Amino acid sequence: YVIYRELNDTPGIAITALRLGYISMFLASELRDGQRLAEEGLALFRKLGDLANIADALDTVAVMHWVAGSGDEAEACYRESLSLAKKVGSRAVVARSIGGLGLVAWLRRDWETAIHMLHTRLEMMQDLGYEYEVNTSLFLISATWLNAGRYAEAAQIVQKRRGHACEIL
């Protein structure tokens with residue numbers, strides 16, 4: 001991060017700020033620091049006009065809003081990310097943004113919408129062959145069913161996820 005600043009490498013600063021923000025949020029439980037870094041990365045990509053990275057950065061910022069319980073802010077970021085990702089043809093970011101909108105529905109306890117959108121994410125990630133993202137999708141679907149009190153459906157997805165994990169290994 002410091003090296004990119006010394007080199008005045010705006011794309012390097014932007015991507016590093018985003019990744020450090022994500023790490024700060026998940027590994028260090030420093031949500032505010034993570035949000036600040038991610039917002040910095042987003043602002044730099046906006047300045048560069050880099051639509052693909054803006055879409056990806058918006059997805060990262062949206063996750064942070066979701067973790068903070070700010071559904072409206074998360075939804076706005078996911079919707080903008082989805083629009084830009086469609087424009088630049090980034091199918092993975094389209095899938096993640098659709099899944100993110102499902103997570104916003106989860107915050108609102110709209111379980112059916114959440115499941116529908118997370119299944120769409122799952123199918124898109126399967127089509128792309130992104131095994132890690134497929135496993136993440138299965139986890140999110142099982143967690144949604146669990147939170148909805150639909151234990152049988154959650155158990156089915158957990159079994160499917162176990163089978164998927166064994167296939168990967």
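Keep in mind it's a predicted model, so treat the numbers as computed, not measured.
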| Residues in side chain to side chain contact (heavy atoms under 4.5 Å, CB included) contact with R32, at least two apart in sequence or another chain | none

| task | Rounded to the nearest 0.5 Å, what's the gap from CG on L103 to CD1 on I98? Could you check? | result | 12.5 Å

| From L44 atom CG to I54 atom CD1, the distance as rounded to the nearest 0.5 Å | 10.5 Å

| Is there side-chain contact between L58 and R46, with at least one heavy-atom pair below 4.5 Å? | yes

| remark: Between the CG atom in D72 and the CG atom in L107, the distance rounded to the nearest 0.5 Å is 10.0 Å

| query | Any side-chain heavy-atom pair from E75 and R108 closer than 4.5 angstrom? | reply | yes

| remark: When rounded to the nearest 0.5 Å, the distance separating OH of Y132 from OG of S137 is 10.5 Å

| query | Do side-chain atoms of S142 reach the backbone of F139 as a donor and acceptor pair under 3.5 angstrom? | reply | yes

| query | Going hydrophobic residue to hydrophobic residue with side-chain gaps under 4.5 angstrom, can you get from M117 over to V93? | reply | no

| note | What one should report as the nearest heavy-atom pair of V94 and M124 is CG1-CE, 3.5 Å

| request: Enter the distance from D50:CG to T10:OG1 here, rounded to the nearest 0.5 Å. | output: 11.5 Å

Which pairs of donor and acceptor atoms, one on a side chain in residues 81-90, lie under 3.5 Å apart (sequence neighbours left out)?
{"residue": "S81", "atom": "OG", "partner": "A55", "partner atom": "O", "Å": "2.7"}
{"residue": "S81", "atom": "OG", "partner": "S97", "partner atom": "OG", "Å": "2.8"}

| query | Do L101 and L138 belong to the same hydrophobic cluster, where Ile, Leu, Val, Met, Phe, Trp and Tyr are linked whenever their side-chain heavy atoms lie under 4.5 Å apart, directly or via other members? | reply | yes

| field | Single-linkage hydrophobic cluster, 4.5 Å side-chain cutoff, L146 and V158 together | value | no

| said: In the structure I gave you, are the side-chain heavy atoms of E39 and V61 within less than 4.5 Å of one another anywhere? | reply: yes

| message | Check this for me, if you would: do D127 and R91 make a salt bridge, where the nitrogen-to-carboxylate-oxygen distance has to be below 4.0 angstrom? | response | no

| note | Closest non-hydrogen contact found for L118 with L140 is CD1-O, 3.9 Å

| task | Grab the two heavy atoms, one from R96 and one from Y78, that are nearest each other, plus how far apart they are. | result | O-CE2, 4.3 Å

| query | Taking all non-hydrogen atoms of both residues, which atom of M125 and which atom of A95 are closest, and how far apart? | reply | CE-CB, 3.7 Å

| task | Over all heavy atoms of both residues, which pair between M64 and L31 is shortest? Give the atoms and the distance, please. | result | O-CD1, 3.8 Å

| said: Is it the case that the side chain of R121 and the backbone of E133 share a donor-acceptor pair, with hydrogens and angles ignored and the cut-off at 3.5 Å? | reply: yes

| query | In this structure, are over 12 heavy atoms from other groups packed under 6.0 Å from H116 atom NE2? | reply | no

| Is a donor on one side and an acceptor on the other found under 3.5 Å between the side chain of N135 and the backbone of E131? | no

| task | Taking ring-ring contact (aromatic ring centres under 6.0 Å, His included) as the test, write out the residues that go with W66, two or more places apart. | result | W106

| What are the two closest non-hydrogen atoms of A74 and V104, and how far apart are they? | CB-CG2, 3.9 Å

| Roughly how far apart are L51 CG and D56 CG, rounded to 0.5 Å? | 12.5 Å

